[in-house]
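Written out below as structure tokens is the structure these notes cover.
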Amino acid sequence: MSDNNNNNNINTKDFIIGSLIGGIVGAAAALLSAPKSGKELRSDLNQQAGVVKEKTSQFRDSAVERSSDFANRAKEKSNTIYKQVSDQSNSLVSKIKDRNLETEENDAIRAQADEDVESFQQDLNDHFSEEEPASMENPTKP
């Protein structure tokens, strides 16, 4: 899409430049071929030079305005893109931090569960090791 836009801008620019050059050449040819006195010819040339100068000034002003508009649009778009990328990266960092906290919490819970299981196993071992000698003393008693 931007290639089409660039081609359009180039074609428009080429057309305007060609029109100006053609207008200047045509005006000069018309003035030089017209049967006028030197004073009238100089006056017409000065008048045409003023017209060309005015049109060139208008073209320059238009080009400056369009380039300024383009620069502003580019700046706005780059700011928008920057904001979107920044928001997305902040969101991603936040998600990663949340996952890290969840992982740390899970690790703490897992460690506590392991400790509880070990403690429970030790309690069971202690309990059963205390009962075995009593049952060994009186094997006939149930």
Side-chain angles (χ1 to χ4, degrees), residues 1-137 139 141-142:
M1 172 119 189
S2 67
D3 288 338
N4 191 19
N5 226 2
N6 286 340
N7 288 339
N8 230 359
N9 288 340
I10 291 171
N11 290 340
T12 303
K13 182 177 133 184
D14 290 343
F15 176 75
I16 290 172
I17 291 172
S19 296
L20 285 174
I21 292 172
I24 292 169
V25 170
L31 287 174
L32 293 175
S33 65
K36 294 184 180 181
S37 69
K39 190 174 186 177
E40 289 175 353
L41 184 59
R42 283 190 300 274
S43 172
D44 286 347
L45 285 175
N46 283 335
Q47 185 181 4
Q48 290 300 321
V51 169
V52 168
K53 182 179 177 183
E54 183 180 322
K55 285 186 180 184
T56 305
S57 176
Q58 289 172 353
F59 179 71
R60 181 187 56 83
D61 292 343
S62 174
V64 167
E65 183 180 328
R66 289 177 75 189
S67 65
S68 177
D69 288 344
F70 178 74
N72 288 336
R73 281 187 298 196
K75 186 176 180 180
E76 288 172 7
K77 290 209 183 238
S78 66
N79 285 339
T80 301
I81 291 170
Y82 172 78
K83 184 168 177 18
Q84 288 174 344
V85 168
S86 177
D87 290 346
Q88 288 177 355
S89 65
N90 288 338
S91 174
L92 184 61
V93 166
S94 176
K95 286 179 182 178
I96 290 171
K97 284 182 180 179
D98 290 346
R99 291 271 171 108
N100 285 342
L101 288 176
E102 288 175 6
T103 302
E104 289 173 2
E105 290 172 357
N106 289 342
D107 290 345
I109 291 170
R110 189 174 294 119
Q112 183 63 42
D114 289 343
E115 289 176 17
D116 291 346
V117 167
E118 287 177 22
S119 175
F120 182 71
Q121 286 176 342
Q122 186 64 38
D123 289 345
L124 284 176
N125 287 339
D126 290 346
H127 178 68
F128 285 118
S129 66
E130 288 174 4
E131 286 185 5
E132 285 182 22
S135 64
M136 295 296 268
E137 290 174 7
K141 289 187 179 178

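Counting begins at 1 with the first residue of the sequence.
From K75, atom NZ reaches atom OH of Y82 across 14.0 Å, with rounding to the nearest 0.5 Å. Separating the OG1 atom in T12 from the CD1 atom in I17 is a distance of 11.0 Å, to the nearest 0.5 Å. How far CG of D114 is from CD1 of I109: 12.0 Å, rounded to the nearest 0.5 Å. To the nearest 0.5 Å, atoms CD1 (I16) and CD (Q58) are separated by 11.5 Å. Atom CG of D69 and atom CZ of R66 lie 9.0 Å apart (nearest 0.5 Å). Interatomic distance, N72 CG to F70 CZ, rounded to the nearest 0.5 Å: 11.0 Å.
Listed for the S57 side chain is no donor-acceptor partner under 3.5 Å among the backbone atoms of K53. Using a distance-only test at 3.5 Å, with no hydrogens or angles considered, no donor-acceptor pair links the side chain of S43 to the main chain of K39. The closest donor-acceptor contact from the side chain of T80 to the backbone of E76 lies under 3.5 Å. With hydrogens and angles disregarded, no donor-acceptor distance shorter than 3.5 Å links the side chain of S119 to the backbone of E115.
Side-chain N/O atoms of Q112 and D116 include a donor and acceptor closer than 3.5 Å.
Looking at F15 and S19, their side chains come closer than 4.5 Å, going by heavy atoms from C-beta outward.
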Show which side-chain atoms of residues 83-96 pair as donor or acceptor with protein atoms under 3.5 Å away, not counting sequence neighbours.
residue : atom : partner : partner atom : Å
K83     : NZ   : D87     : OD2          : 3.4
S89     : OG   : V85     : O            : 3.2
S89     : OG   : S86     : O            : 2.9
N90     : ND2  : S86     : O            : 3.3

